Amino acid sequence: MLASLADAPLDDPHLVYEPKYDGIRAIVEIGPGGAVRLWSRLGNEKTNQFPEIVTALQKWGRRRKELLVLDGEIVALDDKGEPSGFQNLQGRIHVLDPTSGKGRAAEKGVRPLFAVALIAFDILRDGRIDYRTRPLTERRAALERIFARTGSPLLRISRQVRGDGRALHDEALARGWEGLIAKHADSLYKSGKRTPDWKKLKIVQEQEFVVGGWTDPRHARSYFGALLLGVYDNDDLVYVGHTGTGFTEKELARVMALVAPLEIKACPFRNRPKTNERPHWV
DNA sequence: TTACCGCTGG
DNA sequence: ACGTAGAGTG
DNA sequence: CACTCTACGTCCAGCGGTAA
């Protein structure tokens, strides 16, 4: 079940509000005796990539007798133990076995080994009970009963408020969260579907950048792939990232017309970015 | 070793 | 993740 | 007719695999 991007009131009594955790979506199976498996949104097994979480789940689920299936988000934790951004998980998405010491990341020693945690926000099955056919409020009650006090800092449940998300929204602004998810309190769980029962309320962060170049487009994309962006550190232009999404066809054309006549030979950034496609500088 | 592709998360 | 076109819905 | 929803194609970062 996936959320739709939409506006929603922050004080609707039929809605519940949760932080939008910025990590990797995961379906969690805890079998009898603690047989644990993690699955990604595309149905790929992630069990081997998060051994800390698996160990914690095994320990917690050791005396369970029946299958439990949860839905949640795997997040990286900052040094205060608070959920931090998706970026800190990027290096582990593809790692087949983080303990093996094999592979590029292990060789380079660059994997930061951020602490991670599982934040469960839904329950799909507990033994013979198929919770997907039960309303969200009932699922939430079951989740809190079963998973609220795991005794492990790695195993948590999402924060959730009912009816009035204004305080949570203020907190999201103050802490720079990605946004909130607003869910219909009586909605059912629809596996694999994107539905308006869950609404994604995005928070727009602002920052002014200087365009230092662009990259060639890939495939059937027109004009350019991404803009190369920097911010000034005194007199130095420091490359800070690419952005390629968010452009309509018209906007791609307009920006290209502005930027193409300004092309120069030398990279204007203090730190030359690595790009997927050929860069052009302005 | 390096460069590129393909795949996966968002 | 986003944006678009075309299908679906009212 | 206008609006909403879905399917699809594309974006970045990063890793693994393979070719050079």
Side-chain angles (χ1 to χ4, degrees), chain A residues 1-8 19-27 38-50 53 71-76 83-114 116 118-119 177-179 181 184 187 190-205 209 213-230 239-256 271-279:
Chain A
M1 183 157 179
L2 302 164
S4 307
L5 182 59
D7 297 315
K20 182 180 186 306
Y21 296 102
D22 186 17
I24 295 174
R25 186 70 177 278
I27 300 290
L38 307 176
W39 301 94
S40 79
R41 201 149 74 76
L42 295 178
N44 298 315
E45 186 156 0
K46 301 271 119 185
T47 311
N48 292 330
Q49 289 165 32
F50 299 97
I53 290 172
D71 187 358
E73 190 91 1
I74 294 169
V75 297
S84 62
F86 172 73
Q87 188 189 329
N88 297 327
L89 285 174
Q90 277 273 80
R92 290 175 65 159
I93 291 178
H94 315 277
V95 176
L96 297 176
D97 183 357
T99 60
S100 75
K102 293 197 292 188
R104 188 175 298 170
E107 285 163 23
K108 284 190 181 171
V110 292
R111 194 186 314 118
L113 281 182
F114 274 84
V116 293
L118 170 71
I119 302 180
W177 296 349
E178 254 202 319
I181 303 287
H184 253 118
S187 62
K190 290 161 190 148
S191 295
K193 293 223 181 307
R194 187 181 298 280
T195 87
D197 293 334
W198 290 5
K199 293 185 195 308
K200 187 169 16 180
L201 313 178
K202 300 215 76 171
I203 287 168
V204 180
Q205 311 262 355
F209 298 104
W214 74 91
T215 60
D216 280 342
R218 272 203 269 203
H219 309 297
R221 172 69 172 255
S222 1
Y223 304 107
F224 62 89
L227 295 179
L228 307 171
L229 304 176
Y239 167 77
V240 292
H242 292 201
T243 178
T245 61
F247 295 104
T248 64
E249 191 70 17
K250 227 169 121 185
E251 193 65 3
L252 284 169
R254 192 179 75 84
V255 172
M256 193 68 199
N271 48 336
R272 192 180 209 279
K274 278 183 64 179
T275 56
N276 287 334
E277 300 300 326
R278 191 162 78 86

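The sequence lines fix the lettering, A, B, ..., with proteins before strands; numbering per chain opens at 1. Bear in mind the structure is a predicted one, so any value in this text is a computation, not a measurement.
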Novice: Establish, with yes or no, whether the OP1 or OP2 oxygen of B:dG10 is under 4.0 angstrom from a side-chain nitrogen or oxygen of A:Arg41.
Specialist: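 Answer yes for this pair, as a side-chain N or O of A:Arg41 is under 4.0 Å from OP1 or OP2.
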Novice: Using only atom types and a distance under 3.5 Å, with no angle test, would you say the side chain of A:Arg25 pairs donor to acceptor with the backbone of A:Glu73?
Specialist: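 Side chain of A:Arg25 to backbone of A:Glu73: no pair is present.
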Novice: How long is the line joining NZ of A:Lys190 and C1' of D:dC5, in whole Å?
Specialist: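 Spelled out: NZ on A:Lys190 to C1' on D:dC5 is 13 Å.
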Novice: Rounded to the nearest 0.5 Å, how far apart are CD1 of A:Ile74 and CD1 of A:Ile53?
Specialist: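 These two atoms lie 4.5 Å from each other.
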Novice: Please report, rounded to the nearest Å, how far the P atom of D:dG14 is from the CD atom of A:Gln87.
Specialist: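 Taking atom P of D:dG14 as the reference, CD of A:Gln87 is at 7 Å.
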Novice: Round to a whole Å and report the spacing from NZ of A:Lys202 to P of C:dG3.
Specialist: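 Roughly 10 Å, once rounded to whole Å.
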Novice: Which nucleotide in the list C:dA1, D:dC12, B:dG9 gets nearest to the side chain of A:Lys46?
Specialist: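 Looking only at heavy atoms from C-beta outward on A:Lys46, the closest nucleotide is B:dG9.
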Novice: Whole Å only: how far is the CG atom of A:Leu89 from the P atom of D:dA13?
Specialist: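 That distance rounds to 17 Å.
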Novice: Considering only side-chain heavy atoms of A:Arg194, which listed nucleotide, B:dG9, C:dA1, D:dC11, is closest?
Specialist: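 The answer is C:dA1.
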Novice: Whole Å only: how far is the CH2 atom of A:Trp198 from the C1' atom of D:dT6?
Specialist: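 Going from A:Trp198 (CH2) to D:dT6 (C1'), I get 18 Å.
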Novice: For D:dT6 and A:Lys193 - does any side-chain N or O of the residue sit under 4.0 Å from the phosphate oxygens OP1/OP2?
Specialist: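 No.
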Novice: Measure across A:Leu89 and A:Gly23 and return the closest heavy-atom pair with its distance rounded to 0.1 Å.
Specialist: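 Smallest heavy-atom distance, with atoms named: CD1-CA, 3.8 Å.
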Novice: Give one of base, sugar-phosphate or nothing for A:Ser40, where a contact means two heavy atoms less than 4.0 Å apart.
Specialist: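 Since only primed, P, OP1 and OP2 atoms lie under 4.0 Å of A:Ser40, the category is sugar-phosphate.
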Novice: Say whether, by atom type as modelled, one donor and one acceptor occur between the side chain of A:Ser4 and the main chain of A:Lys199 under 3.5 angstrom.
Specialist: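 No, the answer is negative, given that no donor and acceptor are paired below the 3.5 Å cut-off.
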Novice: In whole angstroms, how far is the P atom of B:dG9 from the CD atom of A:Gln49?
Specialist: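 Checked: the CD to P distance equals 9 Å.
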Novice: Checking all strands, does A:Asp22 fall into the base, sugar-phosphate, or nothing category for heavy-atom contacts under 4.0 angstrom?
Specialist: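 Since no nucleic acid heavy atom lies under 4.0 Å of A:Asp22, the category is nothing.
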Novice: Can you tell me if A:Asp22 uses its side chain to pair, donor with acceptor, with the backbone of A:Phe86 under 3.5 Å?
Specialist: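 Pair found, side chain donor or acceptor close to backbone of A:Phe86.
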Novice: Rounded to whole angstrom units, what separation is found between the CG atom of A:Asn88 and the P atom of B:dG9?
Specialist: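 After rounding, the gap between these two atoms is 18 Å.
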Novice: For the pair made of CZ in A:Phe86 and C1' in C:dA1, what is the distance, rounded to whole Å?
Specialist: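 From A:Phe86 CZ to C:dA1 C1': 9 Å.
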